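Note sheet for the following structure.
In this text the structure is predicted, and so the values were computed from the model without any measurement. Numbered from 1 within each chain, the chains take letters A, B, ... in sequence-line order.
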Amino acid sequence: MLDAFLSSTISMAAPLLLAALGELLVEQSGLINIGIEGVMLTAAFCAMAAAYATGSIATGLGCAIAGALLMSGLFAVMAVNLAVNQVVAGTALDIFALGVTGVLYRRIFGETGKALTVRTLRGVFRGALARLPLVGPALLQQNGLVYFAFLMVPVLHLVLYRTRWGLKLRAAGERPEAADALGLGVYCLRWQALMISGVMTGLSGAYLTLGYANTFVEGMSAGRGFIALSIVILGGWRPVRIAIASLLFGAALALQFVLQAVNTGLPYQLFLALPYVLTLVVLTILGGQGPVPSALGEPYVRE
Amino acid sequence: MSPVISATVKPLAAMAVAIGLLAIGLAALGANPAVTLTALLSGAFGDWLAVADTLLKATPLVFTGLSVSLAFSGSIWNIGAEGQLLFGALAATACGIHLARWSHVAAISAVLGAGAIAGALAGALCGWLRTRFSVNEVISTIMLNFIALQAVSWAVHGPLMEPSHSYPISQKLPAAACMHWFFPPSRLNCGLLLAIGLAPACYFWLYRTNSGFELRAVGRNPRATAFFGIAAGPITVVAMALSGGLAGLGGAVQVCAITQRLFERFSPGWGYEAIAVALVARLNPLAVVPSALFFGALDNGAQVIQRTQGVSPVLVQAAQGLIIFVLLAFDTPILARGRSATLPHHKQPADA
Amino acid sequence: MQNLLEACAITKHFGATVALDAVDFSARAGEIHALLGQNGAGKTTLMNILAGHLRPDLGTVTLDGVAIKTASPQTALRAGIAAVHQSPMLFEHLSAVENLALGGFVRRGLALNEVAERAGAMARSLSFPVQLPPKNLTGLSLAQRMRLEILRALSFQPRVLMLDEPTGLLAPGELSGFLDLLRALRNRGCAVVFITHKLAEAMAVADRITMLRAGRVVDQTSPPQTTIEQLAALMLGNAVELARPKKSHRRGAEVLRLEGLSLEVDGVALVDEVSLRLHAGEILAIAGVDGNGQRELAEILACSRRPTSGQILLHGQPAGARAMGQIAVVPQNRDQEGLIPGMELWENLLLSPALRRQMQTAGVQRRSAAIALCSVLLKRFSIRARSPRQKAADLSGGHRQRLMIARALASRPAVLVAHDLTRGLDVSAAAEVSRIVREFADQGGAAIMISTDLDEVFGLGDRIAVISRGRLFEVPTANLTIERVGLLMAGVGQHR
């Protein structure tokens, strides 16, 4: 019971963490991408479609990243080059992704979906070690994307605070016109941040289909992108705290399965609503703490 | 270009561009764009029943479109019309099923009132969280959307479930709490009239009253309004309550005028579609009515093309996204520096 | 001597207005070249073009005879042209060293220690005190920020260094040290372009002087060949008489009294026990370096902040929220606090709480009355606008300023408070708004002018006070000299 809970906490946290870390970079550069939900959904669909067509998980991951980059690129054109309102553009991206994946899915796989399944990612470690109680399932039976997600925490910390690129990125998010005056190239930095986040959100979306569902359902991202946005706020725009916040939400998602298995007598909808309620409660308690990038969400037009 | 002309031309051009892109997409999918778009058009306006259906499909969009226009006019990014509408529908149903013995007018008023209040509470909660705890309203309203979905699901599986307990739908509303249908077999009803009547009311509030002025001023320049003693907090809560109330009312109207009961997947996304409706209307409440009619027609036509052309009606969502993109691109500040765009200048909620 | 930087026939339009009209400009290694002109003469535009921030419509920029083709800050910096902007282009939430690291001390990687070391060494070699607070820049004075920005600009080892109005933010006592710094840079072989509208500073330090007026070069000269009076005549062009408003001698009844007004935020007294009395017909000018509590004082008087202690008396009565409508405030920053550029002129009038109350019945705006009032004000204050339905953004800076004053006076206040009344206005516009304020006082109003500009303070004030670290010191007329006020502004010689 407990080991199942721990194991699924970590496995649930991983896609949230990947998406939140990607969004962290984007927000540090001064953009807010509400469309991350749509990017994730597109990636989930692409992963499923490609893996189903070719039978190769690697191709699935590749196509997921490609799809996510395409959507992030669309957002980049709108938010960076055309300097439009980012909240509205992001929301449009979500609606658009929901429509496009829905149309394509029904076009390719028919109305019913016929319980299409693909192989899922397998655990990296096998053998005796992975069978250790508690630690085994939670830490050693996870698939590669989980380790990648958690590896990105220190990597991003170093990138943001110990590299020149990270400093330039933070400068662009702090005061874009001053960054441009120093020749840092704000548009370019923001595009780079969005593309890196595209890769990470792409993997996060692929995780939904190839990591646990092994199929695609319309609208299957189910607000995970929005939860990732809240995780960035909860984590105070810092990678390590974002990892902790992701685990918290992973636990809330995992709790659904555990509590549904135990007959608590409570309506199951309560557990399904738990992550969303948790988001609201935690944001209310901790809301808006930490170094908010000053120019976050402000459209920036170069002179 | 004069403001009036540009306010009409831009949305029309955006729709044309979006339909063009859609046609390309359809062709890529292997469907004949011309045939599909014609089918869409005749599905929406083919005969008088189709027109009536288009009007009915536009009704909830007028409510949610007004809701979004109001909030966005104050730079309050309420993405939660969907949840507010669901809370409204839930409250309306929960209230309506007990009103069998009430007079028609009293029962309808109570049902609509319950819906509006539930939506207003959901909206005001997010406004208050933003004001008091600087919780970003985009996140909080979206979270309430998901919570509302689960609340509806719980209600129709639990306390409101129909008597035989075999389907996840609510009991039917008693006749007293249901709106009259004119010209059967159409289901035309007073709901649309109410919606159309609310549009000028919203316009009046936003552009002719002090509180509407304060909302628009706070949305455009919170530093200036703070300097002149207009507190952003109360007006934010009021605007969110009004915005939520409109969406909740839309949910209640849908229950007592059309569906007469509550069920899962009650809303096909009216709250999200409302963003496109409001932007096409350039946040002007009066323009929300024609804009909602356009999207209602699109929704209605899309159901026909599913039957005849085998193209999924979620195509409409792709179109909505495209229309918003094109409209935003038309208003890019890159070209018109310093000119007023559709949206007020965006400011993040109170910095921590 | 060979020209290092040469700009030829630079022309730049903004919409219909010509900002620069075929301007030639050059800078030589080892000289200080002062670029003079009124506000709006095109000095900053020229700098922005030379620094690659703006692309000229016509004309070429060459460095060492090589044309700089693509206009971008990056290419300009790489070529050796660095600019220091009027309001420091720093990153508030980055540390001081991180701010410097974005400069050219270390070109690759992020060796913050090395950056700090090199910056320290450079500052010492110029005998140039600089503070490097470890966390963020909050609490750093504007003068310190300006130093940080200059240091960062120098880190690119520029051959041409341009400084836009760098002395505006300095306390009077810091000026001579700063001019020494310019000389030190010149002696190192740098071409220093010193943009200012303060003629005395240019005369003190410049080797050459170029005068811009309305986007054209009107004179090229050097200090031995000219005088301040000649320069002033050139700068003002067709001799706008700098109409010094006549001082009022009538002093009426007491209108406003502040008693021990304090504002504490996080244990810091931003406004510290401010007391004053103001009579009808009087203008009190409050001088001070930005960031010494004047903004907070204006906010308290505008009723948008509540003081921690102390009280405000109007006509001897404690002022309640409603009576506060009698104090009209013109905020410091037109576009950020004063107006809503995207809204129409008449709507901007209604930002004033008093007018909003007047122009409504039961919460419904009396729209036509407000529009009519706006038309009247546009005429009375000669605001150049097509109609009250125009957007505030479409007015020029001077006319936006007039609109703010018109709004403040329209509600017939007892007290007018104006913060930086003439900032960003050219001389004639400044004289015009000063005249309006004087007229208000002559008709029995009481006014408080808050300003950093000593010319404005001395020109307009009947009484003069200085605000420094939140404390207000009135300077008795007996020992009123610019030097004394300057010392007080710099925080010297304070006693209660």
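At least one side-chain heavy atom of B:Phe72 sits less than 4.5 Å from a side-chain heavy atom of A:Val88.
Of all the heavy atoms in B:Ile139 and A:Phe226, the pair that sits closest is CD1-O, 4.0 Å. Closest non-hydrogen pair, A:Met78 versus B:Phe325, comes out as CE-O, 3.1 Å. Heavy-atom minimum distance, B:Ile147 versus A:Ala273: CG1-O, 4.5 Å. Of all the heavy atoms in B:Leu144 and A:Leu280, the pair that sits closest is CD2-CD1, 3.9 Å. Heavy-atom minimum distance, B:Trp154 versus A:Pro267: CD1-CB, 3.3 Å. Here the closest non-hydrogen pair linking B:Ile275 and A:Thr91 is CD1-CG2, 3.3 Å.
Taken from OG1 in A:Thr284 to CH2 in B:Trp128, the straight-line distance is 8.0 Å, to the nearest 0.5 Å. Put simply, OG1 on B:Thr332 and CG on A:Asn85 are 12.0 Å apart, with the number rounded to the nearest 0.5 Å. Note that CD of B:Gln150 is 11.0 Å distant from CG of A:Leu274, once rounded to the nearest 0.5 Å. Here the CD atom belonging to B:Gln317 is positioned 7.5 Å from the CD1 atom belonging to A:Ile95, to the nearest 0.5 angstrom.
Heavy-atom distances place both the backbone and the side chain of A:Ser230 under 4.5 Å from chain B. Proximity to chain B (any heavy atom under 4.5 Å) is shown, for A:Asp94, by neither the backbone nor the side chain. In this structure, chain B has a heavy atom under 4.5 Å from the side chain of A:Ile34, while its backbone stays farther away. In this structure, the portions of A:Leu93 lying under 4.5 Å from any heavy atom of chain B include both its backbone and its side chain. Contact of A:Ile227 with chain B is made through backbone and side chain together, with heavy-atom distances under 4.5 Å.
The greatest number of non-hydrogen atom pairs below 4.5 Å with chain B, out of A:Leu98, A:Ile108, A:Leu104, is found for A:Leu98. Among A:Pro275, A:Gly38, A:Gly90, A:Ala83, the residue with the largest count of heavy-atom pairs under 4.5 Å with chain B is A:Ala83. Among B:Cys126, B:Gly321, B:Ser153, B:Ala276, the residue with the largest count of heavy-atom pairs under 4.5 Å with chain A is B:Ser153. For the set A:Leu270, A:Leu229, A:Leu272, A:Thr101, the entry with the most heavy-atom pairs within less than 4.5 Å of chain B is A:Leu272. Of the listed residues (B:Ile142, B:Leu315, B:Ile324), the greatest number of heavy-atom pairs within a distance under 4.5 Å of chain A belongs to B:Ile142.
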Inset, instruction - Output, in order, the C-alpha distance, side-chain angles, deciding distance and verdict of side-chain contact (heavy atoms from CB on, under 4.5 Å) for B:Leu328 and A:Leu82. - result: CA-CA 9 Å; B:Leu328 284 176; A:Leu82 297 179; over 6 Å; no
Legend entry - Working for side-chain contact (heavy atoms from CB on, under 4.5 Å), residues A:Val84 and B:Asp331: CA-CA 7 Å; A:Val84 304; B:Asp331 269 340; over 6 Å; no
Inset, instruction - Evaluate side-chain contact (heavy atoms from CB on, under 4.5 Å) for A:Phe96 paired with B:Leu322, printing each intermediate quantity in order. - result: CA-CA 7 Å; A:Phe96 180 65; B:Leu322 279 179; 3.6 Å; yes
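By the neighbour-count criterion of 12 heavy atoms within 6.0 Å, atom OH of A:Tyr187 is densely surrounded, having more than that number from other residues, nucleotides or ligands.
With sequence neighbours excluded, the residues forming a side chain to side chain donor-acceptor pair (under 3.5 Å) with B:Ser267 are B:Glu82, listed by chain and number. Taking the ring pair (Phe, Tyr, Trp, His ring centres under 6.0 Å) definition, one finds that A:Phe271 meets it with nothing, sequence neighbours left out.
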